Amino acid sequence: MPVDIRSTRLADCLITIEGFSGPLDLLLRLVEERRLPVTELSLVEVTDQFLAHLASLEDAPLELVADFTVVAARLIALKARALLPRPAEPEAPGEPEPDDLIRQLKLYQAFRDAAQELRLRELRGRRAYVRPAISPPSPARVKVIARDPASLLTALRRWHRRVEPRPVTLRLPPAISLRAMARRLLAGLRGGARTFRELVGRKADRRELAAGFLALLVLIRRGAVQAEQEVPFGEIMVTPRARPWREATADD
Amino acid sequence: MTDPPFDLAARLGALLFVSGEPVERAELINHLGCNETELDAALATLRERGPGLGLVLIEHSGAYQLATAPSLAELVEAFLGLDRPARLSAAALETLAIVAYRQPVTRAEIEAIRGVDSSAALQTLIARGLVEPVGRLPTVGQPIQYGTTVQFLQAFGLASLEELPDLPPEISEFLAEEGSQ
Amino acid sequence: MTDPPFDLAARLGALLFVSGEPVERAELINHLGCNETELDAALATLRERGPGLGLVLIEHSGAYQLATAPSLAELVEAFLGLDRPARLSAAALETLAIVAYRQPVTRAEIEAIRGVDSSAALQTLIARGLVEPVGRLPTVGQPIQYGTTVQFLQAFGLASLEELPDLPPEISEFLAEEGSQ
């Protein structure tokens, strides 16, 4: 058997279960060689111990997990096959069922060995590289349909239309600060209770509404105002509080 | 520049040099104006001359391509500033081995050998350009058959599929038996 | 693949093979780990081996490139379909116009100007002999600069580059700005 390159990672993962103690990959091999009865194997224990091994590593390499998945899947498949009742078939006396399984395992083993050969090649990194592009032949012989120089100009006009940046009108509404908005709300409240909408202004855009709502929250927290909303999404009634308060600022 | 007369192998070399892709036998024969036997002789000569320029001849399903010798990979990668691609997972490699030896092969056939679902592994190999659909089995459902690509040969430094190591005789016999059913 | 030991000329051959463009002496010396004298010897050996594969070594301004032998041009052109007079695609014509008015210009600059990948268009123009490498930009990576050829002038019925039609100022300015940095 060739050196088991693939299992180097799993060889570090030691498993101790009833009837077996050793590296995980050896476990699979023993099961496959039917030297260990798969039916008595606790897959839960194997998995638990693998996960414990994984947790002990600084950072778990993805390949290790991938390798384990292959082994685990293989063990599950073997166990399922061993445990599940076989479909009732007429007994074929000359062909006992285990032969078929052994054959299957040998076949799998052969391809696993072949995969290891490929892994060896991969590790040696012996890749072949091809040429990226055609090389220029002697240009004198190359024929191109004669063109009018004006076609170059046309091509550039088309290019210019395509890539020329179109003038963009940027309309940035003046941003309103939280502090200014708080002042606006307080000024509006001098005449007594008003609705939030009246305070912010009927023509307020979304940015102003958001700033206004934040300012309202700040003022509520400072005890400068009270607010009530009777129904969700309904009007918010804002009432100034009687006690003296310091100038509201939004920055604390 | 003085021009020595170029023999068939040299003319073949020039064509493979300018083509970025594998070139079919028929196309070579057509452009070189030779017959099958002469082409084979020219290919053999090219195989001898290639190493003088650090090159090898790759054959993939009846098409030919020049490539750098696999053992010069490190030099070439440093020159082109290439990183080594990530290593394949064990599952992908197992699947790749089965495709390489059993091609054309369906997913069901791969899974029968591996005993586990292999669609993810197969997808990885297709995404890496190592395996591709090559046809359909003319049975119910017409399942897709897969084979390895010329990139597979390049990635593993193989001149052709014939360079894959033989399977154990017992296995080959068993497979031949099964295949003839 | 059997592996003969690859001498300096073979390793040089592999590098020139994978490079689509001329390679500077300094870069070759750096990657091959040799000195000037050894490089010259290897270049001489390569010049002897090239014809066996229908190839010649081209040198321009201290940079080297492998190319098919001039006397095989007819064969190669027929193989690549270059022997039939071809109409340039819109992408190729646009790229050609940019090279013509902005030369010398690097591929990166062309792509910045066009806003799209231009390697295929550039390859077509080089293969058609309308554009060629004319130098290198003295910045990091020393990218190759391209310019138009004598064949370009002939194909467009121009006696010299000065006969190119004047560009409208807005296009001329825009072209000068784009991609410069």
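Sequence lines set the chain letters: A, B, ... in the order given, protein chains first and strands last, and positions in each chain run from 1. The structure displayed is predicted, hence computed values, not measured ones.
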Under 4.5 Å from a heavy atom of chain A, the part of B:Ala86 involved: backbone
Chain A contact via B:Phe152 - side chain, backbone, both or neither, heavy atoms under 4.5 Å: side chain
Among side-chain atoms of B:Glu59 and B:Gln65, is any donor-acceptor pair under 3.5 angstrom? no
Relative to chain A, which of B:Val150, B:Ile171, B:Ile113 shows the most heavy atom pairs under 4.5 Å? B:Ile113
In terms of heavy-atom contacts, B:Leu93 and A:Arg119 come closest through CD2-CB, 3.4 Å
Heavy-atom contact with chain A under 4.5 Å, split by part of B:Leu72: neither
B:Glu77 side chain near A:Arg127 side chain, heavy-atom distance below 4.5 Å: yes
Only pairs of heavy atoms separated by less than 4.5 Å count here; which of B:Leu167, B:Val76, B:Ile98 has the most with chain A? B:Ile98
Within a strict 4.5 Å, meaning less than it, do heavy atoms of the B:Leu88 and B:Leu130 side chains meet? yes
For the pair B:Glu109 and B:Arg102, find out whether any cationic side-chain nitrogen is under 4.0 Å from an anionic carboxylate oxygen. no
